[in-house]
Amino acid sequence: MTDSRFNQQVVMITGAASGFGQLLAQRLAAGQARLVLGDRNEEGLRSVAQALRNTGAQVVDLACDVTREAQVKAMVDAAVNTFGRLDIGINNAGTGTPPKALIDTEEAELDFNFAVNAKGVFFGMKHQIRQMLTQGNGIILNVASMAGIGGAPKLTAYCAAKHAVVGMTRTAAVEYARKNIRINAVCPFYSPTPLVTEGLGLSQEFLAQGSPMRRLGSPDEMVSAMLGIIDPANSYLHGQAIAVDGGVSAY
Ligand code: NAD
C-alpha cells in the first residue's frame, strides 16, 4: 500500500547519508514527499540522493555540517527556493565519541558532542521555525535518544548533549504552541545503524540485554515510529520526548 501521508510535503533531513536519515529519506520519497537532504558526508549523500532521483523523487542535496549555522540555514533556504516552503524539518544528524568514564572524559569530547548533537539541532530549529512562522505552519522532529531522558553510563558527553535536545524541544514546543508549529523529539534505544555497529564498540547481543524484548529495534522500526510522530494527522502530539525503546523505559 502506498503511504500517502506525506504526498508533496517538503521535508528537510539532516544526516541523510546513512542510518535513520537515509531510511527516512527513502520512505518519505516512496510516499511522494519532496526532499532537501544534508550531510557532512558529501559522497554518501550524493549517492543516496541520486538513487532516490533515479526512482523519480524530487530531491535537493546539500553538503551540510550541522555545526555550521550558515550551512543549516542554507538547507532551509534551498527548501524555500526550490519548493516554495518547508513543511517538515527533521534534525537527525548526530554522532558520538568513544565510550569512557566521566572522570576520563575530556572537555574537547564534551564540546564535540554539543556542537553536533545539540547546536546542530538548535540551528535547525531556529531557521526552520523562522520559515514556518512566515508560512503559518510546520512540523519539527528532533532525533534525541534514550540518552536524552535517562542516564547512559560511559556516554556522559553524548548523554548531556541529547538531554539538551530534549530541553530545547520542550522549550520550543511551548514557545510556538500557538503558532501552528508542532515540535517533538524521538528517543530511540540502540538500533543497528553504522553509529552503533561501527562506532560504539559494543556487541548488539550485549546491548539487547538491556531491553525487556531482549533485542534491538531495527532501523525500520525506529523510522516507522518517527513517521508516525510527523504524520500531519497527529496534530495534537506536541512537546514530547517519545521513547521508542521496546519497553526499556517501562522498567
Ligand atoms: P548514522 O551514523 O548511521 O547516521 C548519522 C548521519 O549523521 C551520518 O550520515 C553522518 O555523516 C551524519 N552526521 C554526523 N555528524 C554530522 C554533522 N556534523 N553534520 C552533518 N551530518 C552529520 O547513525 P544513526 O543511528 O542513523 O543516527 C541518527 C540519529 O539517531 C543521531 O542523532 C543519533 O544520535 C540518533 N540515535 C541513534 C541511535 C542508534 O542506536 N542508532 C539511538 C539513539 C539515537
Practice item. Answer yes if the side chains of D65 and T67 hold a donor-acceptor pair under 3.5 Å, and no otherwise. Key: yes
Study note, to complete from the structure: Here the gap from N137 atom CG to D87 atom CG, rounded to the nearest 0.5 Å, amounts to 6.5 Å
Review point. Under the side chain to side chain donor-acceptor pair (under 3.5 Å) rule, what pairs show up with a residue in residues 159-180, not counting sequence neighbours?
Key: N142-T169
Check your understanding: Between I229 and V223, is there a shared hydrophobic cluster once you connect ILVMFWY residues whose side-chain heavy atoms come closer than 4.5 Å?
Key -> yes
Exercise for review: Kindly indicate whether the side chain of M75, heavy atoms from C-beta on, has any atom under 4.5 Å from the side chain of I13.
Suggested key: no
Check your understanding: Do the non-hydrogen side-chain atoms of V11 and L24 ever get within less than 4.5 Å of each other?
Key -> no
Exercise for review: Indicate yes or no for a side-chain donor-acceptor contact from T193 to the backbone of F20 under 3.5 Å, with no hydrogens or angles considered.
Suggested key: no
Check your understanding: Does the side chain of E221 come within less than 4.5 Å of V244's, by heavy atoms?
Key -> no
Review point. Do Q131 and H127 have side-chain heavy atoms sitting under 4.5 Å apart?
Key: no
Practice item. Output yes when a side-chain donor or acceptor of R214 lies under 3.5 Å from a complementary backbone atom of A208, and no otherwise. Key: no
Exercise for review: Could you tell me the separation between the CZ atom of R46 and the CG atom of D61, rounded to the nearest 0.5 Å?
Suggested key: 4.5 Å
**Study point:** Flag side-chain contact, heavy atom, 4.5 Å: D220 against R27
**Key:** yes
Exercise for review: Can you measure from CG (L62) to CD (E42) and round to the nearest 0.5 angstrom?
Suggested key: 9.5 Å
**Study point:** P192 to S218 - nearest heavy-atom pair and separation
**Key:** CD-CA, 4.4 Å
Review point. Tell me, do K73 and R130 make a side-chain contact under 4.5 Å, heavy atoms counted?
Key: no
Exercise for review: For A243, check side-chain contact (heavy atoms from CB on, under 4.5 Å) against everything at least two apart and list the hits.
Suggested key: M146, I149, D245, S249
Review point. When you check the side-chain N and O atoms of T134 and R85, is any donor under 3.5 Å from an acceptor?
Key: no
Review point. For R5, which of N234, I230, D231 qualifies under side-chain contact (heavy atoms from CB on, under 4.5 Å)?
Key: D231
Let me check something: any side-chain donor-acceptor pairs from residues 98-106 under 3.5 Å, sequence neighbours excluded? List them with distances.
{"from": "K100", "atom 1": "NZ", "to": "E109", "atom 2": "OE1", "distance (Å)": "3.3"}
{"from": "K100", "atom 1": "NZ", "to": "E109", "atom 2": "OE2", "distance (Å)": "3.0"}
{"from": "T105", "atom 1": "OG1", "to": "A101", "atom 2": "O", "distance (Å)": "3.0"}

Revision key, fill the gap. Heavy-atom closest pair (A79 atom, L86 atom, distance to 0.1 Å) is CB-CD1, 4.0 Å
Exercise for review: Decide whether I129 and V143 are clustered together by the hydrophobic rule: side chain heavy atoms of Ile, Leu, Val, Met, Phe, Trp, Tyr closer than 4.5 Å, transitively.
Suggested key: no
Exercise for review: Write down the atom of H238, the atom of I181, and the distance for their closest heavy-atom approach.
Suggested key: CE1-O, 3.3 Å
**Study point:** Atom pair CD1 (I242) and CE (M226), whose distance is rounded to the nearest 0.5 Å
**Key:** 11.0 Å
Review point. When clusters are formed by joining ILVMFWY residues with side-chain heavy atoms under 4.5 Å apart, either directly or through shared neighbours, do F206 and Y158 land in the same one?
Key: yes
Check your understanding: Counting N and O atoms only, with roles assigned by atom type, does the side chain of N184 sit under 3.5 Å from a partner on the main chain of G239, one being a donor and the other an acceptor?
Key -> yes
Exercise for review: Check the pair T95 / R40 against side chain to side chain contact (heavy atoms under 4.5 Å, CB included), numbers first and verdict last.
Suggested key: CA-CA 11 Å; T95 188; R40 71 173 172 188; 4.2 Å; yes
Practice item. Kindly check if the number of other-residue, nucleotide or ligand heavy atoms within 6.0 Å of CD (E43) is above 12? Key: no
Review point. Is the closest side-chain donor-acceptor distance between T97 and N113 under 3.5 Å?
Key: yes
Practice item. Might you point out which heavy atoms bring G151 and C159 nearest each other, and give the distance in Å? Key: CA-SG, 4.2 Å
Review point. In this structure, which one of V66, L141, I140 forms a side-chain contact (heavy atoms from CB on, under 4.5 Å) with N91?
Key: I140
Revision key, fill the gap. Closest non-hydrogen atoms of V10 and F83, given as atom of the first, atom of the second and distance, are CG2-CB, 3.6 Å
Review point. Side chains of V248 and S211: closer than 4.5 Å at any heavy-atom pair?
Key: yes
Point to revise | CG-CD distance between L35 and Q9, expressed to the nearest 0.5 angstrom | key: 11.0 Å
Review point. Mind checking whether V72 and V36 sit in one hydrophobic cluster, side chains of I, L, V, M, F, W, Y counted as touching below 4.5 Å?
Key: yes
**Study point:** Distance-minimising heavy-atom pair for C187 and A241
**Key:** SG-CB, 3.9 Å
**Study point:** Nearest-0.5 Å distance, CE of residue M168 to CE of residue M125
**Key:** 5.5 Å
Exercise for review: Check whether any side-chain heavy atom of I88 lies under 4.5 Å from a side-chain heavy atom of F6, and answer yes or no.
Suggested key: yes
Practice item. Examine distances only and state if a side-chain atom of D3 and a backbone atom of L28 form a donor-acceptor pair shorter than 3.5 Å. Key: no
Check your understanding: Quick check: does any side chain N or O of N117 sit under 3.5 Å from a backbone N or O of V165, one acting as donor and the other as acceptor?
Key -> no
**Study point:** Joint hydrophobic cluster, M132 plus V121, side-chain heavy atoms closer than 4.5 Å
**Key:** yes
